[in-house]
Amino acid sequence: MRALSLLLMFVFALYASPKAAEELGYHSDYSKALRIAKEEKKPLMLVVVTTYCPWCRKFERKTLASKSVAPMIKSTYIPVIVDRNQDAALFPERFQTPRIPTVFFVDPADEKEYWESIGYLNKTEFAEALHDADALFKKRHRQ
């Protein structure tokens with residue numbers, strides 16, 4: 001059973017997209033995305049993944065790229081996706097989590113996380129998380 005699990009992880013890694021940012025239309029440069037988020041006064045959505053994580057690939061393919069979720073993300077957030085291992089020097093250490101996939105919603109005004117989603121979520125669950133994160137962001141800026 002362990003050998004089968006290792007084999008499946010290897011197969012998923014072969015099909016993992018090193019260009020997930022490009023395929024999803026996300027930024028891969030945290031600093032640039034943060035500048036855009038500040039200019040547009042939109043929250044930053046930071047997705048932290050690794051190349052060897054099958055749940056990350058599933059999250060990218062089934063959830064983030066879904067026709068119901070992708071437009072919500074593009075209209076409300078400045079999305080950025082980074083590989084926790086390969087891009088570690090390119091995004092703040094406070095977002096380098098051992099739990100993947102993790103999505104941090106960051107307020108560009110103070111560069112602090114105000115919402116976090118951990119692990120794989122299907123498109124319905126993630127749409128709810130997007131809605132909740134958006135409501136919290138709007139509440140933070142009304143006060």
Side-chain angles (χ1 to χ4, degrees), residues 4-143:
L4 179 61
S5 295
L6 289 173
L7 178 63
L8 286 174
M9 284 179 58
F10 176 73
V11 169
F12 277 114
L14 288 177
Y15 291 101
S17 172
K19 301 285 186 192
E22 186 177 316
E23 292 172 4
L24 291 168
Y26 287 17
H27 296 276
S28 57
D29 181 330
Y30 177 85
S31 297
K32 181 179 178 182
L34 183 60
R35 279 194 306 275
I36 294 168
K38 287 180 180 186
E39 289 170 9
E40 295 186 16
K41 294 181 176 39
K42 285 182 167 182
L44 184 79
M45 186 183 89
L46 173 63
V47 182
V48 181
V49 297
T50 62
T51 55
Y52 60 81
C53 168
W55 289 106
C56 297
R57 299 294 75 74
K58 185 175 180 179
F59 185 59
E60 291 166 0
R61 284 189 329 269
K62 301 281 186 174
T63 302
L64 298 178
S66 77
K67 291 180 182 177
S68 60
V69 171
M72 292 171 62
I73 293 170
K74 295 290 178 122
S75 67
T76 309
Y77 302 94
I78 302 300
V80 59
I81 190 167
V82 294
D83 183 293
R84 181 188 68 200
N85 299 330
Q86 294 176 358
D87 303 325
L90 303 176
F91 65 101
E93 188 175 336
R94 68 183 174 275
F95 299 124
Q96 294 179 13
T97 177
R99 302 170 307 233
I100 52 171
T102 296
V103 181
F104 295 100
F105 294 89
V106 181
D107 189 327
D110 59 10
E111 298 180 36
K112 292 184 180 175
E113 165 200 345
Y114 67 91
W115 187 270
E116 181 179 349
S117 170
I118 301 170
Y120 171 79
L121 295 177
N122 67 36
K123 60 187 175 184
T124 303
E125 295 165 333
F126 195 64
E128 290 173 16
L130 290 171
H131 175 74
D132 292 345
D134 184 45
L136 185 56
F137 181 75
K138 287 176 179 172
K139 183 179 178 184
R140 288 171 56 100
H141 287 272
R142 271 189 289 216
Q143 300 172 351

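All heavy atoms count here, side chains included; hydrogens, waters and symmetry mates do not.
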To the nearest 0.5 Å, tell me how far [X] [atom1] sits from [Y] [atom2].
X      : Y      : atom1 : atom2 : result
Gln86  : Ser28  : CD    : OG    : 11.5 Å
Ile36  : Ser31  : CD1   : OG    : 11.0 Å
Glu113 : Glu111 : CD    : CD    : 13.5 Å
Tyr30  : Leu46  : OH    : CG    : 6.5 Å

Note to self: Measuring only between side-chain heavy atoms, which start at C-beta, is Leu64 closer than 4.5 Å to Val47?
What the structure shows: yes

Note to self: Between Asp134 and Met72, is there a side-chain heavy-atom distance shorter than 4.5 Å?
What the structure shows: no

List for me each residue that meets side chain to side chain contact (heavy atoms under 4.5 Å, CB included) alongside [X], sequence neighbours excluded, and say none if there are none.
X      : value
Leu90  : Asp87
Lys62  : Lys58, Tyr120
Ser117 : Val103, Leu121, Phe126
Ala33  : His27, Leu44, Ile78, Val80

Next item on the list: Taking all heavy atoms of Pro108 and all of Pro43, pick out the closest pair and write down the distance.
Entry: CD-CA, 3.8 Å

Item checked: Backbone N/O of Thr51 and side chain of Arg57: donor-acceptor pair under 3.5 Å -> yes

Checklist line | Pairs where residues 96-109 contributes a residue and the test salt bridge (Lys or Arg N to Asp or Glu O under 4.0 Å) is met, not counting sequence neighbours | finding: Arg99-Glu116, Asp107-Arg140

Checklist line | By salt bridge (Lys or Arg N to Asp or Glu O under 4.0 Å) - contacts of Lys42 (at least two apart) | finding: Glu40

Item checked: Residues that Asp83 engages under salt bridge (Lys or Arg N to Asp or Glu O under 4.0 Å), provided they are two or more places apart -> none

Next item on the list: Using a strict cut-off of less than 4.0 Å between a Lys/Arg side-chain nitrogen and an Asp/Glu carboxylate oxygen, indicate whether Arg61 and Glu23 qualify as a salt bridge.
Entry: no

Margin query: Run the side chain to side chain donor-acceptor pair (under 3.5 Å) test against Glu128 and tell me which residues pass, sequence neighbours left out.
Written below: none

Next item on the list: Using side chain to side chain donor-acceptor pair (under 3.5 Å) as the criterion, list what pairs up with Lys74, not counting sequence neighbours.
Entry: none

Next item on the list: Give the C-alpha distance, both sets of side-chain angles, the deciding distance and a yes or no for side-chain contact (heavy atoms from CB on, under 4.5 Å) between Arg84 and Thr102.
Entry: CA-CA 10 Å; Arg84 181 188 68 200; Thr102 296; over 6 Å; no

Notebook entry, point to check: Pairs in or reaching into residues 72-93: which pass ring pair (Phe, Tyr, Trp, His ring centres under 6.0 Å), with residues at least two apart or in two chains?
Noted result: Tyr77-Phe105

Margin query: My understanding is that only residues two or more places apart in sequence, or in another chain, count here; which of them pass ring-ring contact (aromatic ring centres under 6.0 Å, His included) with Phe137?
Written below: Tyr114, His141

